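Notes follow the structure.
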Amino acid sequence: MPQTIAERFQIIQGNITQLQVEAIVNAANNELRPGGGVCGAIFAAAGYEQLKTACEQIGYCPTGEAVITPGFDLPVDWIIHTVGPIYQNKAEDAELLRQCYRNCMQFAGEERVRSLAFPLISTGSYGYPLREAIAIAVDEINAGLAQYPEIEQVYLVCYSQVDYQTAVQQVNQ
């Protein structure tokens, strides 16, 4: 029996590199270089050199777009790298962040990825306001689940307890 969208989407607290899903999303930079935060954790867990080499072969990813690499040493098949906007309080910031989630959901749907996990894209060093970013993430993930019924489970992974509590409270309002 098909699950509802609400049953297929969960906000959780944890380390995205330890989840048993088919794909995880990396909050990448345009040059796809190893970074800090979630990006650094993903590079470390995937195998730094092999992921760095794969990203160098791709070379560049425009803001709002997504590119794919294997999961290497992670317990996932794919890493979907997407580049969120550096928050500047401009109208296009929200649309670029929406495109990140849309492009990742589109890949998952088209490639029949049954489960994937997102971090809160752009909320770390890129400075996107947490509540706005959560609202965009939830809207776009729900829209993607409606469009791609083959995606069975999506997680929005909050690393910190504060981010998790904020996300859960916001969604339950």
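Note that the coordinates shown come from a computational prediction; the quantities given were computed from them, not determined experimentally. Computation of the quantities below employed the complete heavy-atom set of this structure, encompassing side-chain atoms and omitting hydrogens, waters and symmetry-equivalent molecules.
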Shared ILVMFWY cluster between [X] and [Y], side chains joined below 4.5 angstrom?
X      : Y     : value
Ile68  : Val38 : no
Leu32  : Ile86 : no
Ile5   : Val21 : no
Leu116 : Ile42 : no
Tyr128 : Val25 : yes

Looking at Glu22 and Arg112, is any side-chain nitrogen of the basic one under 4.0 Å from a carboxylate oxygen of the acidic one?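 Salt bridge between Arg112 and Glu22, a charged N being under 4.0 Å from a carboxylate O: no.
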
What are the two closest non-hydrogen atoms of [X] and [Y], and how far apart are they?
X      : Y      : result
Tyr101 : Ile121 : OH-N, 3.2 Å
Val113 : Ala23  : CG1-CB, 4.0 Å
Gln88  : Asp93  : N-OD2, 2.8 Å
Cys39  : Arg33  : SG-O, 3.7 Å
Gln169 : Gln173 : O-CG, 3.0 Å
Ala167 : Ile11  : CB-CG2, 3.9 Å

Tell me, which pairs form a side chain to side chain donor-acceptor pair (under 3.5 Å) where one or both residues lie in residues 64-86, sequence neighbours left out?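 Every pair satisfying side chain to side chain donor-acceptor pair (under 3.5 Å) with a residue in residues 64-86: Asn26-His81, Gln50-Asp73, Thr69-His81.
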
Side chain to side chain donor-acceptor pair (under 3.5 Å) partners of residues 142-159, not counting sequence neighbours, each pair once: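 Found none.
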
Taking the side chain from [X] and the backbone from [Y], do they hold a donor-acceptor pair closer than 3.5 Å?
X      : Y      : result
Thr123 : Leu130 : no
Asn30  : Cys61  : yes
Glu7   : Thr4   : yes

To the nearest 0.5 Å, what is the distance between [atom1] ([X]) and [atom2] ([Y])?
X      : Y      : atom1 : atom2 : answer
Cys158 : Ile12  : SG    : CD1   : 8.5 Å
Cys100 : Glu95  : SG    : CD    : 10.0 Å
Thr53  : Ile58  : OG1   : CD1   : 11.5 Å
Phe107 : Ile80  : CZ    : CD1   : 5.0 Å
Arg98  : Asp139 : CZ    : CG    : 5.0 Å
Leu145 : Arg8   : CG    : CZ    : 4.5 Å

Using side-chain heavy atoms (C-beta onward) and a distance below 4.5 Å, is Met105 in contact with Val154?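 When only atoms from C-beta onward are counted, Val154 and Met105 do touch, with a gap below 4.5 Å.
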
Taking atom types as modelled, is there a side-chain donor on Gln106 or Glu110 under 3.5 Å from an acceptor on the other?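 Indeed, the side chains of Gln106 and Glu110 share at least one donor-acceptor pair under 3.5 Å.
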
Step by step, would you call Phe118 with Val157 a side chain to side chain contact (heavy atoms under 4.5 Å, CB included)? CA-CA 6 Å; Phe118 285 94; Val157 183; over 6 Å; no

Going by the rule side-chain contact (heavy atoms from CB on, under 4.5 Å), which residues pair with Ala46 if we only count those two or more places apart in sequence or in a different chain?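 Here the qualifying residues are Leu51, Phe72, Leu74, Ile79.
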
Go through the steps to decide whether Ile151 and Arg114 satisfy the test side chain to side chain contact (heavy atoms under 4.5 Å, CB included), and finish with yes or no. CA-CA 4 Å; Ile151 301 173; Arg114 293 184 314 273; over 6 Å; no

Carefully, step by step, assess Tyr126 and Tyr87 under the rule ring pair (Phe, Tyr, Trp, His ring centres under 6.0 Å). CA-CA 6 Å; Tyr126 282 17; Tyr87 186 75; over 10 Å; no

